[in-house]
Amino acid sequence: MTLSHDTEAPASEVVLEAVGLTKHFPVRRNLRSLMSRTSSAVHAVDDVHLALRRGRVVALVGESGSGKSTVARLLAQLYPRTDGDIKLHGASTTVKGGRAFRQYATRVQMVFQDPFASLNPVHTIRYHLTRALRIHQHAGSDTAELERALHELLDRVALTPPERYLDKFPHELSGGQRQRVAIARALAANPEALLADEPVSMLDVSIRLGVLNLLRDLKERFNLAILYITHDIASARYFADETMVMYAGRMVEAGDSETVTQSPAHPYTRLLIDSAPDPDRIENMASDSTDRGNGEPPSLIHPPAGCRFHPRCPMAMPRCTTDLPTPIEIGDKPGHWAACWLYDEATVAAQPPGSAAATGAGGETAPQPATAAPSTGEAR
Amino acid sequence: MTTSEPVLEIRNLNVDYGLGPQAVHAVRDVSLTLHRGEVLGLAGESGSGKSTLAYGMTRLLAPPGAISGGSVIYHPADGEPYDVLSLSDNDLRGFRWAETAIVFQGAMNSLNPVHKISTQLNDVLQAHDPKMSAHARNARCREMLKLVGISPDRMEAYPHQLSGGMRQRVMIGMALILQPQVVIMDEPTTALDVVMQRQILGQLIELRERLGFSVIFITHDLSLLVEFSDRIAIMYGGRIVEEAPATALYKDSLHPYSEGLLGSFPALRGPRRELAGIPGSPPDLKAMPTGCSFHPRCPKAFDPCAETIPALGHPDTPDGGTRSVACWLHPVREPVG
Amino acid sequence: MTSIPTSSLEQNTPEGAAMPADTTKPPKPKRQRFRFLANGKAATGIVILGIYILFAIIGPWVAPYDPGARSNDLIQPPSAAHWFGTTHLGQDVFSQVLVGCRTVVMVGFLAGVVASILSVLIGVTAGYLGGATDDGLSALSNVFLVIPALPLIIIITSVLESANDLLVALVIGFTSWAWNARVLRAQTLSLRRRDYVEASRATGEKTWRIILFEILPNLTAVIASGFVGTVIFAVLSEITLAFIGVTSNTTWNWGTILFWAQGQQALAQGAWWWFVPAGLAIAFLGTALSLVNFAIDEFVSPRLRSAGKTKVKTASGRTVRMRVGFTPVLEAPAHADARPVPSINPHGATPVHRKETAR
Amino acid sequence: ACSDSPNANKQNNSGAARSFLTVGMPNGTQPENNNPFVGTSSANALGYKWMIYEPLLMWNPVKPAEPAKPWLASEVKWADDYKSVDITVRDNATWSDGEKLTAEDVAYTYNLLKSNDALNFHAISFGDITQDGNHVKMTFPSSQFVYQNKILANYVIVPKHVWEKISDPATDTNKNPVGSGPYTLKSYTAQGATLAVRDGGYWQDLPQVKELRYTSYSNNDTQSTALANGECEWSFVFIPNYKQVFVAKDPEHHKVWAPGVLGIHGLYINTTKKPFDDPTLRQAMNMVINRTDIFNQAEAGYFHPEIKSVTGLPTPAGDAYISADYKGKTFSVDVAGAKSMLTGAGYTMDGDTLKDKSGKPVTIKLSDPGPWSDYQTTLEIIKSNLAQIGIKATVEKPNQDVWDANIQKGSFEASMRWTNGGATPWDLYQTVMDGALMKPIGTAAQQGNFGRFDSPEATAALKQYANAADDAGRTAALATIEKIFVEQAPMLPVGADNVGAAYNDKYWTGWPSDSDPYAGQQPTQPYALDVVLHLKPANS
Amino acid sequence: MKYLLQRIAFYVFTAWAAITLNFFIPRMVPGDPVQSLITKFQGQMSTQAINSLYVLFGLDNDKGIWGQYLDYWKQLFHGDLGLSFTFFPTPVSEVISGSIAWTLALVGITTVISFFLGTGLGVLAGWRRGSWTDGLLPVTTFLSSVPYFWLGLIAIYLLTGPGSFFPSSGGFTPGLVPAWDQYFIPSAIKHSLLPAATILISSVSGWILSMRNMMVTVASEDYITVAHAKGLSDRRVALSYAARNALLPNVSGFALSLGFIVGGTLLVEIVFSYPGLGFQLFLALGAKDYPLMQGIFLVITISVLVANLLADIAYLLLDPRTRKEG
Ligand SMILES: Nc1ncnc2c1ncn2[C@@H]1O[C@H](COP(=O)(O)OP(=O)(O)OP(=O)(O)O)[C@@H](O)[C@H]1O
Ligand SMILES: Nc1ncnc2c1ncn2[C@@H]1O[C@H](COP(=O)(O)OP(=O)(O)OP(=O)(O)O)[C@@H](O)[C@H]1O
Ligand SMILES: [Mg+2]
Ligand SMILES: [Mg+2]
C-alpha cells in the first residue's frame, strides 16, 4: 500500500478544459448601499485555464476562499459561468439543465467538498448509490444485478462489507466513510472526469492515504481524469501529476507537481510551501515561524489592482501594483509557469523586487529574496 | 516555559453517549496530565474520542453525552486543586473560561451570528467580573483583538462580516481574554490554508510565551503537532495509546498505531518516500474488540493483545520517565495515573 | 510493511487478526419504525386520533339515536338513556356528537390535504425554481394571505348554493394554503442550494425527482406541522361557520350542535350538556393533532430519531437531566485517589466568585 | 380626571331612585345616524327616533281595530273614500330648539316624502299636500284605507326650518336632531345612544324617565344575556326558553309580554310545483301541523303567538276580522282526517310513504336560512308532522341570500317566512295571495306571493277590500279572502308577529300588559314613546 | 435601489390584486343589499320599502360591473370609500373609524401581550426542557384547540351575571361617553378583561409552541455550547444567545399576526358584543354592504401588507446576516 512516484503517464487526450473561466457572484447590498447605485460582485474566479487529461490527476491548491471549489462547480456546470468556456473533448459545452445537463453529468462527476452536507440526511446510503446507478443506467435490470452493482461500488471505495453500510443513514457514518460514499456515488456514473473537491480533508492520515490510493488506482484502471482540490500540498505532491496554485480567484502558478512543490516560483506558492508544517525541520521553526504570511487575504469584491498578491508580497515591485501579471514560463521544467513579474526580466531590471512591498504588520521585515530567480525550497 | 507542575489532571475519565446498554463508550479510562505552560497535542484516528474528551472534561458535551466516571483535577495558580466534575453549576460557570477556555472546532458556528463581536467579547468580561467598568471592558476587548492581529475597528462587525481566519482569531482572542490557565483548541485550523494556519498558530505560541497558559491542541495534522507542541498524546478507540514529547514521538514512536500514523503522511520536502497506511478500518465503538482495541489491525499483534487491555504506563526505555504507552510490546515500568 | 498497490484497504488486514465487526454478518438494519410511539405524547395523540377516526367511520352506525329525531324528552340532563342529555327538540346530543364526528374529521383532513398539497406545490416550486416563477407564485400567495380567509369562506359558501361538506372542505383548503406556502418557500430557498441538492443535480437527477425526493423529505416536518395546523384551522373554521349559521350543511357536525345550543341559549338554560361536549370534542381532536405534531419532527429526521430522553435515571437511581452545557456526571465522583479539594480562591485579574465548596 | 368630563354625573345613580332606563336591541354596532326617514339609521334600528320625533297619530297595533290616538295632530278626518284627509295640527307643541311646531312643518314633511322616493319607505302615492292655518290637507289618487296608519302614525314630523337647510335629506345623518318629542340626543357612541329628557316645552307632561340609555348588542344571545343580567331593562328579542333564561333570573321583575298582531309567519308552499299545486294536499298538510309544539318548542312559548283560527288571523288582534263562517273554527292536529282526505283525493299510502296520484312518493324540501333558529326548529317539527301522513320532508339551510333569491324567484318547495303587517288583515293576505304581485317562476317577486298562488278571485277580493267605499264592502271582500285562504291553503299559517317585549320592572313600572294593552311594547316602534310616557318609578 | 423598487412594485401589485379580488368576490354573491336589509328586519320592514331603498342606495340606475369597478378606483384615489348600505348614509370611513379603535385596542393589545407572554413561556419551555414546563404544553395545546367562541361563551356563563364583576358584553358601561377620564377608562378595561382573556388563552399557545421548538433547535447550536463554555449565567445564555436567535421566525409571525388583527376576531366581538371592526365586517357580509366590505377589506389588505413590510424590515434589523443578503 504505497503511493509511489510512478512512471509518467503518457501525455494523453484532454477530457475537460477550462478556457478563461470566470465567475463573479453578484452580492446583494446592505441597507446603506441599497441607496447607492453601485452593484458589486465577488470576483471568485477570474480567467482560469486548466486542462484535465485522461489518466492524469491535476491538483488545485491555494488559500481558502481562492475559488477552488468554484472552479470545480463551474466545471461541473453547477454554476453558470460569467465568462470563458468549458470544453468537453474539445467541444464547447454549456448546459443549464434538463437532458443536456444530465448527459454532461454522466461524463463529468463531482465529489463535493463537505461530505456532511452533500449527502441527504433523510436517505440511506443505498438510496444515494442506487439513484446514481439508475440515472446512469448501471443499475442492471433486476434487483440482484442492482445489489451486485451496489456491492461492487462499495467494495471499490473499500467500505466493506457493503451490507454493513448500505442501510445506514449518513449521520451514522464517520466523516471518512461519508467521503468515500460521496466518491462512490460519483464513480457510479462511470465518468470520464472526476472533480474531487477536498475529498480527504476530514480523514486522519492513514485513512486519507487509503482513499488517495483508491483514486489513483481508479485513475489508472479506468483512465479517469481527476481534478484534486486540496489544502494538503504534500498529498498533492504525492498524488497529483500536475499542480496548479490559485490565489484570490486567479491561477498563479502551475506545473509538474514535484517541481511546483519542490521549487515553487510564485511568491505566494513559496509562502504556501514554506508555511506547510514539516516535522523534519522543527529545529528551524522557532526562528522563522513568525515572519511568514502576514496580511489578510484580499477582498474579492474589490480585488487589488495588478497582481492580486502584491499587497502581501515581500518582493512586490511598482509594476505589480498596476499590471496584471501574465503567465510566464519558468524554464526549469516544461510546463512550469507562474503569473509573476519577477520572471519578467525587463521588469526586474527596471524595478528592484521588494521595492513596492508592504512592510509587514508589526514591523516585521519581509524576507529578502536571495535572487530574482527564486530558489527552490529544498528540504533542509 | 514548560514546567513539570501540573495544571490539569484527567484521571480515569469515562465518557458515554447514551445510557445503559445503548451507551457508546467514546472515551475510556483516560488519564492525562497537562503541565503549566505546555502545548499538549492530541491526535488520533477520526472518531477516536478526541473532541469527546475535550468537551467531556469541561462538561460541555451535548446530550446524549454523559460522564460516567473519573475526575478532572484542576490546579489553580494559587490555591488548592479541585475536581471540575464535582463543581456545582454556579462554580462551574465561574470556572469556565476564567480557568479553562475552549476554542471549538468550527469557528463559523461558535460565534453567535446575531451579536457583534464586541458584545460577545464583552459578555465574558461582564459575566466573570461584573464590577469592571464598561470603559475598562472595552479597552480589554480592543487589547485582545489587537493581540490576535485584528484591527480593533472590527469590534463592531458581525461574525458573518469576518473571514474564517478572522473568526478563528476572534475565538482565540476571546479564549485568552480572561487569561485562563488552560486553553483547549479543537481542530481550529482544519478549514484553513496553511498560510493562515501558520499565522494563527504562530500568534498563539507567541502569546503562550507571554501569558504562560497551557494548551491542549487537537488535530489530525501530525506534522503540525510535531512542529508546534511540546508533548503529543495519541488516541485510539477512546483510549490514549501513547503519550510522549513531540520529537520523541516523531522520531521514535512506540505504539504500532502511532507508527502507522507517522508512516502515513506524505512529506512535502525531501525525497519522496513510500507511504505505508494502517490496514483495516476503525473499530466499532459499539462492538469493541477484546483486549487492545488496535489488535485486529496491528501488524505486531501477539497473544496477550487480544485478551487483556494494556494499561498506559511508562515504558522501560531510557526516556521512559517522560513518556508512556499502552502496548503489550512495551513492558510498562510504572502505570500512569 | 509491504506495499500492495490495490484499491482496497481492507484486503491488507494482517491474517489472523480478522475484524470482528467485519466477519460477523452485520445485524439486520433495525429501523425502529414505531419508535415514534415510544414518545408518550405522540402515543397519546395517536390513540386519541385513532378513536376519532374510528368514530368518524362507525359513528353513524353506533349512534343510539337518529341525531335529528325528535322525542318528548326535551332538554334532559345526561342519563343512562341519553348520555349527553337531549336538546330542546328532544334529540340525543350523544348521537349528534357521534354522527358529527365524521364530517368534522372528513372536512378537517380533506382541507388539510388540499391546503398541504397546494402549499407544497406552490411554495416548493416557487422556492426551488426561483426567478419569475417565484415572483408570480409569491405574489399569488401574498394575495391569498391578504384576503381574509373567514369572510372569503363565508362569501364562497354563499355563492355555491348547496354547499355541502366536501365543498366547505375544499373552500377552506383553497383559502388556507398561503401561510404554509410562504414558510415552505423560505425553507426551500435555504434547501435548494444545499450541497446534497446540488450533488444530486450533479449526479444527473431530474428536477421533479430532486423536488420530490431530495427536498420534500427534508421538509416533512414543516409540511406535517403545516398539515396539522391546517387541519386544526379547518376544523375550527368549519365549526365556526356552522356555529354562526353560515354554512348550509344539512349534516350534523359539532358546529351545528353548538349552533343549536347557542341559538337556544343552552348555557343560560342550564343545559350545559348540550354545549360542553362538542367543544371538548373539538379541543381533544386539536390536542391529539398537536401531540402527534410534537413527535413528527423526531420521527422524520433520522438524526433526531436517535436523540434521547431529557431525563434519565442512573444506575444508582439518581435522576439526572440531559441538558446542553452541563453534561451530567452519572456517578457521584468518589475517588480514592482524589486529592482533598479545598475551596477556591479567586485568582488573578479575573475574580471567580463561588458560593459553594466543591466536594 | 377632569371635572368637565362628560361622564362626571354617571356614577352616583345607585343610591337615589334610578333616573334612567336601559334599552337594548340586538342590532350590532351602529354608527350614528339620526335621520328618521332612513330605515338603516341608528335612530331607527334602536328606536330612539320615536323619542325625539313624533308622528301625527299614535296607533296601537295590539288593538288594530281601534282608532289611533291624536298625537301631533289634534284631529284627523278622512274622506269616506279615503282619498283625502284633513289634519288639524296641535298648537302647543314646540321643537326642542324652542321653535313652535306648526302645520307648515307637517306639510313640509309630507312634501318631503312625496318628492323623495328614497324617504317614502311605505311607497305611499301622495297627491296634493296643502296647508292652511293649522290644517293640512292631503289627497291621494286611490283609497288609502289600508294604509291610513302607515301614512299618519308611521312617518314622523320634522322641523321645516332645520330640514330645508339640508341639501340631501336622504343621505344626511342628522347629527343634531331637532324634534318635538320629550327627549333630546345627549351623546352617541359606537355602542348606542343616550337621550336626556327635555327641559320643558313638551306639549304633554314630561316623562319621569330622565335618561334613556340605548345599547346595541351584537346579537340575540348577548342581548338576552344582558336582559338576564339586568344590564338591560327593555328589549325586543327572541329568548329561547325565556322562562328559564330570563324570567327565572329574577321572577319578580323579569317579564315578557308578547301580544300578537296582524302580521303572521307561516309555511309558504310553492303552488306551481307538483303535487303541491293540489289544494287538497296542502290542506292535508295544514291539518297535521302541530302549532302548539311549534309555539312551545320553536317559539319558546311566546315569541310568535300561536295561530288558532283557521283563517290565519291571530287572537286577539285579528278577532274582529274573522268572518262569520270561520268564527270559532280553530286548527287541531288531525292526522286521520288528513289521511282520509288524501286517500279520498286519489293519494295512496304505501306503508309509511304517501304516493301522489301518479304513484310518485310525495317529498318536500323545506328551506330556511340556517341562522334563523326558530324557523329551523319549526321546520324540524313540520318535518316530523308531515312524516305522519307519509310525506318525506328534508330540511335545507341555504345561505340567507340564496334563500332570499330562491324565495323571490320561486325556486323553492316550501319555506317559513313572514308576511307584511298592518292595521287590517289586508297586508298579510296580500303578501300571500295577491295576483298583482305575482311574477313568473324565475323572475323575482319582491313584494309578495312567493308561492305563485294564482287566484284571480283572491286578487279581485284584495283589491276590493282596499278600495271599498264602506265597511260592508270590506267585510264581504274579507270573507272571500278568508275563504280562499282556508280552502286553498296557499300558505300554512303558524304563528303571529308579536309587538311585545322582554322587560324588567325593578325600577320602572307602568308597562303595557294583557290587562292594560294601551300600546305595543317594542322599543323600536312608534308606540315606544307612549310606553315611556306611562313609566313610573317602581318605588313611588 | 433596484431592490427597493422591486419590493415596492411587488407590494403594489399584491395590493392591486387583492383589492380587485375584494371588489369582485362580494359581488358574486346572489341577492342584493336591499333584499338583505328586508330579510334582516324580518317582517319589521314592509316589502313596500323596497323601492325607496333602491332609490336610497343609488342602486336604481344600472351600471355595469366594470363601470362600478372603475368608479371604485376613482373613489379610492379621492380617498373616498363610499357610503355604507347597512348604515346608510353613513360614510364607510366613519363606520370604520368608529370601530377600528376598539378592535385595535382589544385585539391589538391582546396580540402583543399574547406574543410576549407566549414567547416568554416558550423560551422557558424550550430552555427548561424536561422540567415542569413540559406540562405546560399539553395544557396550552388543549386550550388553543378550543374554539374561542366556545370558551368565551362558557366564560360569560360562568363569570358574568347580576352582581358579577365582569360585564357580559360591550366595550364600556352604557351611558358613558368615550373619554380619558376616571369613569370611562376603568369601565373600558373591565369590559375588555374577558374578551382579552379569551383571545389570550386561545392564541398564546401558538407562540409558546413555535418559540419552544425554535429554542430546542437553537439550543443545539454550537454557539450555545460556547456561551456555556464562556461561563455566562444561565439567564444570559438563555436570553441573549438562545432566545435572541430563536426569536426570528416568531417575529415575522408576529408582524403578520398584527396584520390579521382586524379580520381575525370576528367571533370574540360577536360573542362579547364588542363594538369592533371584525363584527362590522360580519354584518357587512350578511348585508352585502359592498362599500363597507371593500372598506374593511382595504383596511385589512393594507394592514397585512404593512405588516409584511414590517416583517421584512424587522428581519433585516434583527438578523445581521439577512442584511448582507437583502
Ligand atoms: N454562491 C456564492 N455567492 C457569493 N459568493 C460566493 C459564492 N460561492 C462562493 N463565493 C465566494 O467565492 C470565493 C471562492 O469560494 P470557493 O468556495 O470557491 O473557495 P475555495 O477555494 O473552495 O475555498 P476553501 O478552500 O475554503 O474551500 C469565496 O470568497 C466565496 O466567499
Ligand atoms: N451523539 C452521539 N451518539 C453516539 N455516538 C457518538 C455521538 N457523538 C459522537 N459519537 C461517537 O463518539 C466517537 C468519538 O467522537 P469524537 O467527536 O470525540 O471524535 P474525534 O476524535 O473528535 O473525531 P474527529 O477527528 O473526526 O473530530 C465517535 O466514534 C462517534 O461516532
Ligand atoms: Mg472549497
Ligand atoms: Mg473532533
Side-chain angles (χ1 to χ4, degrees), chain A residues 1-4 6 73 76-78 97-98 101-106 108-114 116-124 127-128 131-132 135-136 155-158 160-161 163-172 182 185-186 188-189 207 209-211 213-214 216-218 221, chain C residues 1-14 18-31 128-129 131 191-210 212-221 299-307:
Chain A
M1 185 153 94
T2 312
L3 274 175
S4 57
D6 57 357
R73 282 172 189 246
Q77 306 255 22
L78 288 174
F101 180 85
R102 291 196 289 278
Q103 211 98 68
Y104 186 82
T106 59
V108 180
Q109 278 285 308
M110 173 161 177
V111 178
F112 282 69
Q113 182 168 8
D114 182 358
F116 286 82
S118 62
L119 297 176
N120 196 333
V122 303
H123 292 313
T124 56
Y127 177 88
H128 281 104
R131 282 311 305 160
I135 292 165
H136 303 289
D155 271 336
R156 269 210 220 163
V157 293
T160 47
E163 310 88 59
R164 197 170 126 192
Y165 299 98
L166 269 177
D167 289 299
K168 289 211 187 280
F169 283 98
H171 78 274
E172 296 172 302
R185 168 164 65 176
I207 301 179
L209 180 62
V211 173
N213 264 338
L214 161 77
R216 161 177 295 262
D217 181 50
L218 291 174
R221 280 203 288 172
Chain C
M1 209 168 282
T2 48
S3 76
I4 307 167
T6 73
S7 67
S8 168
L9 297 169
E10 251 66 29
Q11 290 167 8
N12 216 10
T13 314
M19 289 201 294
D22 285 2
T23 47
T24 53
K25 192 97 181 117
K28 262 246 138 11
K30 52 167 201 296
R31 305 256 158 263
Y128 185 74
L129 295 181
L191 283 180
R192 74 167 173 161
R193 288 286 162 249
R194 291 274 166 95
D195 273 3
Y196 57 79
V197 177
E198 288 280 29
S200 71
R201 207 158 80 81
T203 311
E205 284 282 20
K206 295 191 173 79
T207 305
W208 67 266
R209 263 203 93 99
I210 293 178
L212 228 55
F213 292 98
E214 305 294 332
I215 292 183
L216 274 191
N218 284 288
L219 293 171
T220 319
F299 181 63
V300 296
S301 154
R303 189 185 293 275
L304 281 177
R305 240 180 270 170
S306 49

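Here the structure is a predicted model, which means the values were calculated and not measured. Each chain gets a letter, A, B and so on, in the order the sequences are listed, and its residues count up from 1.
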- Message: With rounding to the nearest 0.5 angstrom, report the CD to CZ distance, Q77(A) to R201(C).
- Response: 10.0 Å

- Message: With a 4.5 angstrom heavy-atom cut-off, is it the side chain or the backbone of A76(A) that approaches chain C, or both, or neither?
- Response: neither

- Task: With a 4.5 Å cut-off on heavy-atom pairs, point out which of M110(A), R185(A), Q113(A) contacts chain C the most.
- Result: R185(A)

- Task: Taking all heavy atoms of A105(A) and all of A202(C), pick out the closest pair and write down the distance.
- Result: CB-O, 3.2 Å

- Query: At their closest point, which heavy atom of R209(C) faces which heavy atom of Y127(A), and how far apart are they?
  - Reply: NH2-OH, 3.7 Å

- side-chain contact (heavy atoms from CB on, under 4.5 Å) with I135(A): which residues, sequence neighbours excluded? R131(A), T203(C), E205(C)

- Query: Counting N and O atoms only, with roles assigned by atom type, does the side chain of H123(A) sit under 3.5 Å from a partner on the main chain of F213(C), one being a donor and the other an acceptor?
  - Reply: yes

- Straight-line distance of H128(A) NE2 to Y196(C) OH, nearest 0.5 Å: 9.0 Å

- What heavy-atom pair brings N218(C) and P121(A) nearest, and what distance separates the two atoms? OD1-CG, 3.5 Å

- Atom group of Y104(A) that falls short of 4.5 Å from chain C, counting heavy atoms: neither

